[in-house]
Each structure stands twice: as structure tokens, then as C-alpha cells.
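Everything below concerns the one structure shown next.
Sequential numbering from 1 along the given sequence is applied to the chain's residues.
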Amino acid sequence: MKSFAIAAISLFVFLSGCSDKPSDLGHGLLLPQDTLHIGKAVFTATHDTTVAIKGNDNLGRIFIGLYNTNSLEAATIMQFSVSSFTATQVIDSARIILTRNYSYLDSTGPYAISAYKVSTSWTTSTFTWDTLTALVTDTLVGSMVIPSTIGDSTISVPIDTQTIRLWSEGGGGSVILRSPGNVLGMNIIVGFANYINLSIDYRPELQISYHDVADTTLKINIRSTRAVSVVNGPQPPSGTMILQSSQVTR
């Protein structure tokens with residue numbers, strides 16, 4: 001019995017010594033420089049819708065829309081790789097499918113999206129709000145206007161079939177999606193999914209319908225290889241700390 005009692009006491013001492021939190025006695029034995037000191041800093045948060053931002057490539061969301069009579073605009077550029085079509089294959093229709101998962105401000109108002117031909121090559125690092133004007137052209141290759149409804153899951157932007165034919169001859173192409181001038185009192189920035197998880201691909205999708213000489217309708221679905229968003233607005237004053245999308249910059 002003595003051996004059992006000693007073993008039990010030893011086990012209790014061993015387990016009680018495993019705690020990361022010191023007891024009152026243990027805390028008193030620590031040197032002052034070894035104890036934990038907690039400092040506190042308080043910052044006042046302000047809401048600012050004028051800061052220029054840029055979204056990550058295929059890592060979350062893309063944004064399109066207008067707010068407050070064009071004082072805030074979000075635009076997105078996206079690229080697709082398209083295989084060539086034969087001379088006998090006729091492209092019947094094409095559309096870009098977007099999965100909506102966010103709205104800023106008027107979630108029930110109407111909104112519009114226009115697709116513009118991109119005039120030159122670009123990279124994710126060179127596409128900024130300042131280069132947007134140089135990249136976009138006046139060539140409109142697609143547009144849509146719909147009422148915004150809570151619970152909308154997908155929208156479809158028709159694309160000119162001649163544009164798809166040109167893309168297929170060059171191996172692919174890019175479009176910039178942005179909102180035209182204020183449409184029916186539009187006052188909304190809409191966010192769309194742009195990422196891949198283990199079970200599904202949420203990147204923008206180009207859906208092409210075509211037929212061959214046998215008049216058989218075929219469809220192909222192509223996900224964007226890259227898509228980047230920019231939002232306009234001046235930078236905040238120097239010395240300001242900004243917390244945006246969980247990223248902190250000074």
C-alpha cells in the first residue's frame with residue numbers, strides 16, 4: 001500500500017507541474033524581467049470610401065459597380081484562353097458567368113455591367129487604376145442591366161461572338177468589366193467569387209455555344225486564367241494607418 005500511495009502522490013505532482021500557467025507561489029519566484037507585461041494602444045476607426053485598392057489575382061473576390069454618382073467605381077479585368085474554331089464551326093453565343101456573393105450598399109437596386117475590349121497586353125502587377133484608361137477601349141463587346149435581388153447567385157454577361165472568334169485565332173483574350181454611366185439610379189458595388197476550393201471552381205466562366213456542319217449544338221466552359229479588380233479614389237493622408245481586407249499598411 002505504501003508503494004501505491006507514493007506512486008499516486010508522484011503522479012499528482014507530475015501532472016500539476018505540466019500546467020503552463022504559474023501558481024501564485026511560482027509567479028512570485030520569477031524575476032521582474034521574466035514576467036508578462038501587456039501594453040494597450042487604442043485607435044479610432046474611421047470609414048473611408050475613397051481609398052484606391054487593388055484585389056488579389058484569383059484569391060477571393062472581384063468587384064464591379066458604381067456608388068454615389070460615380071465617386072467610387074470598381075472595375076475588373078479578366079483573361080481567358082480559347083482554343084481555335086474551324087472554319088465550319090459557327091459560334092452561336094457566348095457569355096461570362098459570374099457568381100455573386102457580396103454587395104456594398106444598395107443590395108436591391110439595379111446595376112449594369114459593360115464588357116470592353118482590352119487594347120494591349122497586361123499583367124497582374126501592371127494593371128492598376130492608373131493604367132485602366134490605357135487598357136480599355138471604346139469597343140463594347142457585351143452588356144447587361146438587371147435589377148439586383150437579394151439571394152441572386154449568378155449573373156450572365158453576353159459577349160459578342162466575333163470577339164470570341166478573334167480570341168480563338170490568337171489563343172485567348174481579355175475584357176474589362178465595369179459599370180457604364182449611372183443606370184436607373186444605380187448605387188451599388190457588387191462582388192463576385194474568384195477562387196478555387198477543394199470541391200468547386202468559383203472563377204469567372206466563359207460559356208461558348210457553337211455548332212458544326214452536322215448542326216449539332218456543342219458547349220464549352222472555360223474558367224478565367226486570371227482576374228484582378230481595382231477601385232478608384234485618392235490615397236489617404238500621409239501617416240494614416242489603414243486596415244483593409246485584414247491587411248495593414250501605413
Side-chain angles (χ1 to χ4, degrees), residues 55 57-58 60-67 70 73-83 85 91-104 106-119 122 127 132 135-168 170 172-196 200-210 217 219-231:
D57 179 25
N58 294 343
R61 287 193 182 102
I62 53 176
F63 299 94
I64 306 165
L66 291 170
Y67 165 66
N70 304 348
E73 179 187 354
T76 293
I77 191 170
M78 59 183 62
Q79 183 181 61
F80 296 92
S81 296
V82 181
S83 300
F85 289 91
I91 302 174
D92 299 313
S93 65
R95 60 191 64 250
I96 295 176
I97 309 297
L98 304 171
T99 301
R100 175 180 170 175
N101 63 2
Y102 173 83
S103 63
Y104 175 63
D106 191 356
S107 60
T108 59
Y111 66 96
I113 294 178
S114 295
Y116 297 91
K117 179 182 177 181
V118 175
S119 59
W122 62 280
F127 178 63
L132 174 63
L135 286 171
V136 73
T137 67
D138 293 331
T139 304
L140 185 68
V141 297
S143 63
M144 52 76 68
V145 179
I146 63 171
S148 177
T149 304
I150 296 177
D152 283 349
S153 57
T154 60
I155 69 161
S156 174
V157 183
I159 301 297
D160 177 55
T161 56
Q162 182 61 31
T163 298
I164 303 302
R165 175 68 68 175
L166 292 175
W167 284 2
S168 71
S174 302
V175 291
I176 288 179
L177 301 183
R178 63 190 306 186
S179 293
N182 207 342
V183 177
L184 304 176
M186 181 173 59
N187 199 38
I188 185 174
I189 303 292
V190 184
F192 304 95
N194 183 40
Y195 62 93
I196 307 173
I200 193 168
D201 192 337
Y202 282 107
R203 292 175 298 172
E205 181 179 21
L206 175 63
Q207 185 181 92
I208 304 172
S209 296
Y210 67 99
T217 300
K219 286 186 178 182
I220 56 176
N221 298 281
I222 306 167
R223 296 289 179 175
S224 65
T225 54
R226 51 183 176 169
V228 181
S229 296
V230 289
V231 181

*Say you draw a straight line from CD1 of Ile164 to CZ of Phe80; how long is it, rounded to the nearest 0.5 Å?*
8.5 Å
*Hey, are the side chains of Thr154 and Glu205 touching, using non-hydrogen atoms and a 4.5 Å cut-off?*
no
*Would you give the length of the straight line joining atom NZ of Lys117 to atom CG of Leu140, rounded to the nearest 0.5 angstrom?*
12.5 Å
*Do Thr99 side-chain atoms and Ala193 backbone N/O form a donor-acceptor pair below 3.5 Å?*
no
*Heavy-atom pair of closest approach, residues Val231 and Ala74*: CG2-CB, 3.8 Å
_Main chain of Ser93, side chain of Thr161: is a donor-acceptor contact present, judged purely on distance under 3.5 Å?_
no
*For the atom pair OH (Tyr102) and CZ (Phe192), what is the distance rounded to the nearest 0.5 Å?*
12.5 Å
*Give, for atom OG of Ser224 and atom CG of Leu206, the distance between the pair rounded to the nearest 0.5 Å.*
9.5 Å
*Any Arg61 side-chain heavy atom under 4.5 Å of Asn101 side chain*: yes
*Locate the shortest heavy-atom distance separating Phe85 from Ser168; write the atom from each residue and the value.*
CD1-CB, 3.6 Å
*Any side-chain heavy-atom pair from Ile208 and Val82 closer than 4.5 angstrom?*
yes
*Any chance you could measure Gln207, atom CD, to Arg95, atom CZ, to the nearest 0.5 Å?*
7.0 Å
*So do Ile62 and Leu98 actually touch side chain to side chain, heavy atoms under 4.5 Å?*
yes
*Full working for side-chain contact (heavy atoms from CB on, under 4.5 Å) between Phe127 and Val118*: CA-CA 12 Å; Phe127 178 63; Val118 175; over 6 Å; no
*Is there a donor-acceptor contact under 3.5 Å from the side chain of Ser209 to the main chain of Lys219?*
no
*If we only count heavy atoms from C-beta on, is the Ile64 to Val190 side-chain gap below 4.5 Å?*
no
*asked:* Side chains of Tyr111 and Ile155, heavy atoms from C-beta outward: is any pair under 4.5 Å?
replied: yes
*asked:* Restricting to non-hydrogen atoms, name the atom on Ser143 and the atom on Val157 that form the minimum distance, rounded to 0.1 Å.
replied: N-CG1, 4.3 Å
*asked:* In the structure I gave you, are the side-chain heavy atoms of Tyr116 and Leu177 within less than 4.5 Å of one another anywhere?
replied: no
*Is the backbone of Arg203 close enough, under 3.5 Å, to the side chain of Arg223 for a donor and an acceptor to pair up by distance?*
yes
*Closest approach of Trp122 and Ser174, non-hydrogen atoms and distance?*
NE1-OG, 2.9 Å
*Heavy atoms only: give me the nearest Tyr210-Ile91 pair and the separation to one decimal.*
CB-CA, 3.8 Å
_Could you walk me through whether Asn194 and Met78 satisfy the side-chain contact (heavy atoms from CB on, under 4.5 Å) test, starting with their C-alpha distance in whole Å, then the side-chain angles of each, then the deciding distance to 0.1 Å, before giving a yes or no?_
CA-CA 11 Å; Asn194 183 40; Met78 59 183 62; over 6 Å; no
*How far apart are the closest heavy atoms of Glu73 and Ser179, and which atoms are they?*
OE2-O, 4.0 Å
*Roughly how far, to the nearest 0.5 Å, is the OG1 atom of Thr76 from the CZ atom of Arg178?*
11.0 Å
